[in-house]
Amino acid sequence: MVLFEDPQCPYCRQFEELNGPVITAALGAGELAVEYRMRCFLGPESVRADNALALAAEAGLFDELRQALFAAQPPEGTGGFTTDDLLRLGARVGLTESNFVSGVQTARYEQWVLSREEAYQAQDPQGTPAAWLNDHPVDANALFDAGAFERVLRL
């Protein structure tokens, strides 16, 4: 499964709150593999968060930080996910090493994040959240219906 999410998207947070446990269970059972394609079209807050997520991935804590970002999600366009916010959230999930801290402070992966967004716009311009399973788009209505989403995963 490929999941397109923006860390600042309230609908992505809702999707994760509703379906995160199902995804986690399927991953744990070896029934599903997930590739997250983090988007940043909602502004500089999303770019900063995606930069931090790339750094977290290097440290093996991508999902932990992704979940922390959704739990602390600021309203769109309010200037949230500041450098200090991201360092604080990172520390909560164990990201305190100098590579993460300096990477957040210098926006080490900002250009990469922006180039990925450009590519993702071409792949799925509809926005977030979006999902593809076995190279086929998942009906957007199923993303917010727990039963329908579970049925999609079982096909």
Side-chain angles (χ1 to χ4, degrees), residues 1-121 123-124 127-135 138 143-144 146 149-150 152-153:
M1 175 169 274
V2 176
L3 289 172
F4 293 89
E5 296 180 332
D6 187 308
Q8 195 176 202
C9 170
Y11 299 110
C12 294
R13 184 188 70 240
Q14 290 172 4
F15 168 78
E16 285 294 334
E17 289 170 351
L18 181 65
N19 296 305
V22 173
I23 292 170
T24 299
L27 286 168
E31 300 168 349
L32 183 69
V34 176
E35 176 184 334
Y36 288 95
R37 296 187 182 174
M38 300 308 291
R39 304 283 306 267
C40 63
F41 65 91
L42 291 175
E45 297 92 338
S46 298
V47 174
R48 289 190 296 267
D50 282 358
N51 174 71
L53 285 165
L55 293 156
E58 287 182 343
L61 293 170
F62 170 84
D63 200 49
E64 291 83 350
L65 183 59
R66 189 181 63 79
Q67 290 176 24
L69 290 173
F70 282 128
Q73 186 183 73
E76 284 181 48
T78 60
F81 291 144
T82 65
T83 298
D84 288 341
D85 293 337
L86 295 166
L87 292 175
R88 187 176 62 257
L89 290 168
R92 282 188 199 161
V93 300
L95 291 163
T96 56
E97 70 281 347
S98 62
N99 187 52
F100 178 80
V101 172
S102 68
V104 168
Q105 292 171 332
T106 63
R108 180 177 303 145
Y109 290 116
E110 181 175 314
Q111 289 308 310
W112 178 80
V113 164
L114 293 169
S115 70
R116 299 310 317 148
E117 175 59 28
E118 188 175 310
Y120 298 157
Q121 283 282 344
Q123 291 173 345
D124 191 356
T128 57
W132 288 70
L133 183 62
N134 299 324
D135 296 322
V138 175
L143 299 179
F144 296 99
F149 187 74
E150 285 189 60
V152 165
L153 291 182

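Heavy atoms only: backbone and side chains are in, while hydrogens, waters and symmetry mates are out. In what follows, residues are counted from 1 in the order of the sequence shown. This is a predicted model, so every value here is computed, not measured.
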Inset, instruction - Please confirm whether the backbone N or O of Cys9 pairs with a side-chain atom of Glu76, one donor and one acceptor, at under 3.5 Å? - result: no
Legend entry - Distance in Å, Phe81 CZ paired with Asp50 CG, rounded so as to fall on 0.5 Å steps: 9.5 Å
Legend entry - Working for side chain to side chain contact (heavy atoms under 4.5 Å, CB included), residues Met38 and Phe62: CA-CA 11 Å; Met38 300 308 291; Phe62 170 84; 3.9 Å; yes
Inset, instruction - Measure the CD-CD1 distance between Glu31 and Ile23 for me, rounded to the nearest 0.5 Å. - result: 13.0 Å
Inset, instruction - Report the distance from atom CG of Leu87 to atom CD of Gln105, rounding to the nearest 0.5 Å. - result: 5.5 Å
Inset, instruction - Measure the spacing between CG of Leu65 and CG of Leu55 and express it to the nearest 0.5 Å. - result: 9.5 Å
Legend entry - Shortest non-hydrogen separation from Ala131 to Leu3 and the atoms involved: CB-CD2, 3.4 Å
Inset, instruction - With the side chain counted from C-beta on, respond yes when Glu16 and Gln73 share a heavy-atom pair under 4.5 Å apart, and no when they do not. - result: no
Inset, instruction - Measure across Phe144 and Pro129 and return the closest heavy-atom pair with its distance rounded to 0.1 Å. - result: CZ-CG, 3.7 Å
Legend entry - Nearest heavy-atom neighbours spanning Leu95 and Ala59: CD2-CB, 3.6 Å
Legend entry - Val47 vs Glu117 side-chain heavy atoms within contact, under 4.5 Å: no
Inset, instruction - Supply the atom-to-atom distance Arg92 CZ to Leu89 CG, rounded to the nearest 0.5 angstrom. - result: 5.0 Å
Legend entry - Ala54 to Trp112 - nearest heavy-atom pair and separation: CB-CZ3, 4.0 Å
Inset, instruction - Decide if atom CZ of Phe41 counts as having more than 12 heavy atoms of other residues, nucleotides or ligands within a radius under 6.0 Å. - result: yes
Inset, instruction - Dump the intermediate steps for side chain to side chain contact (heavy atoms under 4.5 Å, CB included) on Gln121 and Arg39, then the final yes or no. - result: CA-CA 9 Å; Gln121 283 282 344; Arg39 304 283 306 267; 2.9 Å; yes
Legend entry - Contact summary for Val93 and Leu61, nearest pair of heavy atoms: O-CD1, 3.4 Å
Legend entry - Test log, rule side chain to side chain contact (heavy atoms under 4.5 Å, CB included), inputs Leu32 and Leu133: CA-CA 10 Å; Leu32 183 69; Leu133 183 62; 4.1 Å; yes
Inset, instruction - For Asn51 and Arg48, run side chain to side chain contact (heavy atoms under 4.5 Å, CB included): C-alpha distance rounded to whole Å, both residues' side-chain angles, the deciding distance at 0.1 Å, then the answer. - result: CA-CA 5 Å; Asn51 174 71; Arg48 289 190 296 267; 5.7 Å; no
Legend entry - Aromatic ring pairing Tyr120/Phe4, orientation class (parallel under 30°, perpendicular over 60°, tilted between): perpendicular
Legend entry - Gap separating the CZ atom of Arg13 from the CD atom of Glu5, nearest 0.5 angstrom: 12.0 Å
Inset, instruction - Mark yes or no for whether Gln8, through its side chain, and Glu45, through its backbone, hold a donor-acceptor pair below 3.5 Å. - result: no
Inset, instruction - Using distance alone, with no hydrogens and no angle criterion, decide if Asp6 and Ser46 have a side-chain donor and acceptor under 3.5 Å apart. - result: yes
Inset, instruction - Determine the minimum heavy-atom distance between Asp63 and Arg66, stating which atoms define it. - result: OD1-NH2, 2.6 Å
